[in-house]
Amino acid sequence: MVKRSLQASLAGIQQAKKAFAHKGWTQDNLALEVNLKTRQPIWRFFTGRPVERHIFIDICSVLSLNWREIAANSPEEFSESKELGNAEFLDIDALVQQVQSQRFDKIQDQCGTLQLLDVTRPVRIDDIYIDVNILEEIASLQWLEFADLQNFTSKEFDRFGLGEVSQTQIAGITAVQTYSKLRVLGKPGTGKTTFLQHLAIQCNRGRFAANRVPIFVTLRDFADKTRVAGEFNLLNYICEDFLTCGISDPSVLETLLLSGRVLLLLDGLDEVLHQQSKGVVNEIRRLSEKYQKNMFVVTCRTAAKALNLRRFTDVEIAPFSQDQIVAFAQKWFTAVTKTNIENKQEQAFEFIEKLDLPENLQFQRLAITPLFLHLACWVFHHQNKFPTQKSAFYKQCLDLLLGKWDETKAIERDEVYQGFSLPQKLKLLSQVASATFEQGNYFFEQRIVEQHISDYIGDLPNASTEPEELELDSEGVLQAIELQHGLLAERVRGIFSFSYLTFQEYLTARKIVASYNLQALKQPLERLVTHITEPRWREIFLLTIAMLRNADFLVLLMKQEIDALAAQDPYLQKFLTWTSQKSVAAPVPAAIRAFYLALAKTPHLTPYFALVCIFDQDIFLDAALDNLVKECESNFTNVYGCNDALSSALAIVQDAGLHQVLQELKDLLPDPEQSRERIQTWWQTSYPAWIEQLKTAIAKHRIQHHWHFSPQQQQVLQQYYDANQLLIDCLNSNCEITDVVRQEIEAGLLLPMKELSKREW
């Protein structure tokens, strides 16, 4: 039998005291490091009295001593060779196989299925799991200057810290094989637990680390058990788990550990309550240092990386790539839906196709995270489309992160929000989002976001008036938001951003709507329309108008702001008057005006206005003529193209004079069968006069005016056009606008100020 206690020899005590003095600790410090409630075992150790065997070994381990050299009369059975030399465990491979066999069903039951959010039945992990990639560099540990990030575009923001900072990605299993002590970091919903379950199942089936016994531990369960037992002892906890599989001899587990035959998977370090986290971390460290031959994988949210695990390598789960998104969707619709196989595959294909459309960019931004990708698949499955009310989907995502996600996993968190309700959390985050977005900042320094939080806390009832206390509270709230929800993330050291630009946009719009709806203030909407020419505000307009109880006032403000863009330029007003005259007899006048405006701001875009052309034969002809000029100007050596374009125009021209001129110009073209040299000669000698005759004929018979805009006017026209397009998109969104306002705005689109002043509103 192995003795239950050990005592230090006189020489061992002297060696231990020397190591203890080198540490510079007190006996209380050492007791804390060994996870002891009192320092009595430390006193007994240094006075040569018997100490429980595991405590004796832990003290030596913390002091970096070999416990066999410290123990008095170290019994023969304590030598490593003897511990593995029991006849019963002589063949370690046989022991591993025996334990694997006894624990096989336990691991399959523990790790073989997932309970997906809002799905009423478990899903087999094999049916849904996608191999994850690992980033070996943690973006938030890099040092960058704030100025390096200030000029990032929204596209660069989406990429930053999500894989392109560290170009090196490796497969998750490769990372586990490379680093025997690994901590896998990731934001909420990135698949950390699923990855660990997958490792356990693969090991259980002999497909990964086949010579090891997989052990899966949920750390919050271990911590809860510790609260009852009163001590942190992971070895005892695992032994109790072994008991449920019929393995009652504790020496079996120790033999496996000493032989390096265990794959220990420890899930959710961040889910342990703060007051227990140090004890759990120390216990993991103690076990990993004592049994170094084994493989250890710990998962933890990125924001909790301060919980340092000595000698562990930190890596981070990479966001899903496009290929992973496709693979996940194909698996999801097969595993989760109850339709037939053919319909499942068809819906998966349709989901992937529609997700790639430009109008679904915001869903693409979220789909890189498995949790939100699952939600998008779930909504698409029920509606067979992405929701037109994007704001409702974003709110569902935020409600999930701000509380429901922890609730579904039964995670108990430390209360650092001072009792904040869900609406209060949303209000605080909206205030941070709005303030930073209005300043044009996707990234902001830690002190800035803490100041915004402090301002919010300071306005709460019974808030402290002490600056130092407010500062500490704001630090705590920021840490809680980052750890619990991942909505604010430290991108590089000391610099934060919203984890998804989509949420910053949504929360900014929510703040505008709340200020307008609840306080009946016009100023938030009036400030919003001042940004109508800024592309980055486009999504804010669409979200705001969708959330307003009545959007009449906002669309009227938008129309007024848009008309003012070109109001002070007489030449632009003259142009708008001309486009209005061209549209007088058309069934859809605004569409005709839009066509000529697009033609003026960016010539030769007629292929994009085929829909407009069907409203009016006249405009169809103008489109064909514009295409003719484009074809002849861009590459005249393609004589066939010019001939075809002229033939198309001649086929629809009804004006006899224009038809005659176009036919004469067609007859002047060189024969396409001639040599390239003769065509090139014609190009150099006759083409300049020929193209001018073509343009003059078109101007005389159709457009009747040459418009020459300065670069500044071109810029105004572009802004005017884009702003009107935004207004139309808002009108076509699922928003609340009265019929009379909608009709008046549609009728007044793209009209000059002179005509607008005649209309009765």
For a quick check under 3.5 Å, do T302 and E316 share a side-chain donor-acceptor pair by atom type? yes

Please confirm whether the backbone N or O of G268 pairs with a side-chain atom of T299, one donor and one acceptor, at under 3.5 Å? yes

Shortest non-hydrogen pair, M558 vs C730, comes out as CE-SG, 3.9 Å

Does the side chain of Y442 pick up a donor-acceptor pair with the side chain of T436 at under 3.5 Å? no

Where the side chain of R301 meets the backbone of L185, is there a donor-acceptor pair that is under 3.5 Å apart? no

S515 (side chain) donor-acceptor with P524 (main chain) under 3.5 angstrom: no

Given the options T190, L116, L400, L371 meets side chain to side chain contact (heavy atoms under 4.5 Å, CB included) only with L400

Any chance the rings of F503 and F498 have centres within less than 6.0 Å? no

Please check if the distance between the ring centroids of F444 and F437 is under 6.0 Å. no

With ring centroids as reference points, do F393 and F386 lie under 6.0 angstrom apart? no

Is the distance between the ring centroids of F575 and F709 under 6.0 Å? yes

Could you measure the distance from the CD atom of E746 to the CG atom of N732? Nearest 0.5 Å is fine. 7.5 Å

Test: E438 and K511 ion pair at under 4.0 Å: no

Do H452 and Q431 pair up side chain to side chain, a donor and an acceptor below 3.5 Å, judged on atom types alone? no

Rounded distance (nearest 0.5 Å) linking atom CG of L543 with atom CD of Q362: 7.5 Å

Ion pair check, R538 and D729, cut-off under 4.0 Å: yes

With a 3.5 Å distance limit and no angle check, can you tell me whether Q330 reaches the backbone of T334 through a side-chain donor-acceptor pair? no

cation_pi(R124, Y129) dist<6.0 Å, angle<=45: no

Only pairs under 3.5 Å count here: list side-chain donor-acceptor contacts from residues 317-326, not counting sequence neighbours, and write none if there are none.
{"residue": "S321", "atom": "OG", "partner": "Q324", "partner atom": "N", "Å": "3.3"}
{"residue": "S321", "atom": "OG", "partner": "Q324", "partner atom": "OE1", "Å": "3.4"}
{"residue": "Q324", "atom": "OE1", "partner": "S321", "partner atom": "N", "Å": "2.8"}
{"residue": "Q324", "atom": "NE2", "partner": "D131", "partner atom": "O", "Å": "2.8"}

Spacing of CH2 belonging to W537 relative to CG belonging to L542, to within rounding of 0.5 Å: 13.5 Å

Only distances under 3.5 Å count here; give the side-chain donor-acceptor pairs of residues 349-360 to other protein atoms, sequence neighbours excluded, each with its distance to 0.1 Å.
{"residue": "E350", "atom": "OE2", "partner": "K354", "partner atom": "NZ", "Å": "3.0"}
{"residue": "N360", "atom": "ND2", "partner": "K354", "partner atom": "O", "Å": "2.6"}

Could you tell me whether E526 atom CD has more than 12 heavy atoms of other residues or ligands within 6.0 Å of it? yes

Can you measure from CD1 (I481) to CG (L488) and round to the nearest 0.5 angstrom? 5.5 Å

Run the numbers on Y500 and T369 for side-chain hydrogen bond (donor to acceptor under 3.5 Å, both in side chains), then give the verdict. CA-CA 10 Å; Y500 303 89; T369 299; 2.4 Å; yes

Nearest 0.5 Å, what's the SG-CE distance between C735 and M547? 12.5 Å

Short side-chain donor-acceptor distance under 3.5 Å, Q743 and D739: no

Assess the side chains of Q446 and E450: does a donor N or O sit below 3.5 Å from an acceptor N or O? yes

What is the distance from atom CG of L398 to atom CZ of R510, rounded to the nearest 0.5 Å? 9.0 Å

Ignoring hydrogens and angles, tell me if any N or O in the side chain of T174 forms a donor-acceptor pair with the backbone of I170 under 3.5 Å. no

From D126, D127, I130, V123, residue fulfilling side chain to side chain contact (heavy atoms under 4.5 Å, CB included) relative to K331: I130

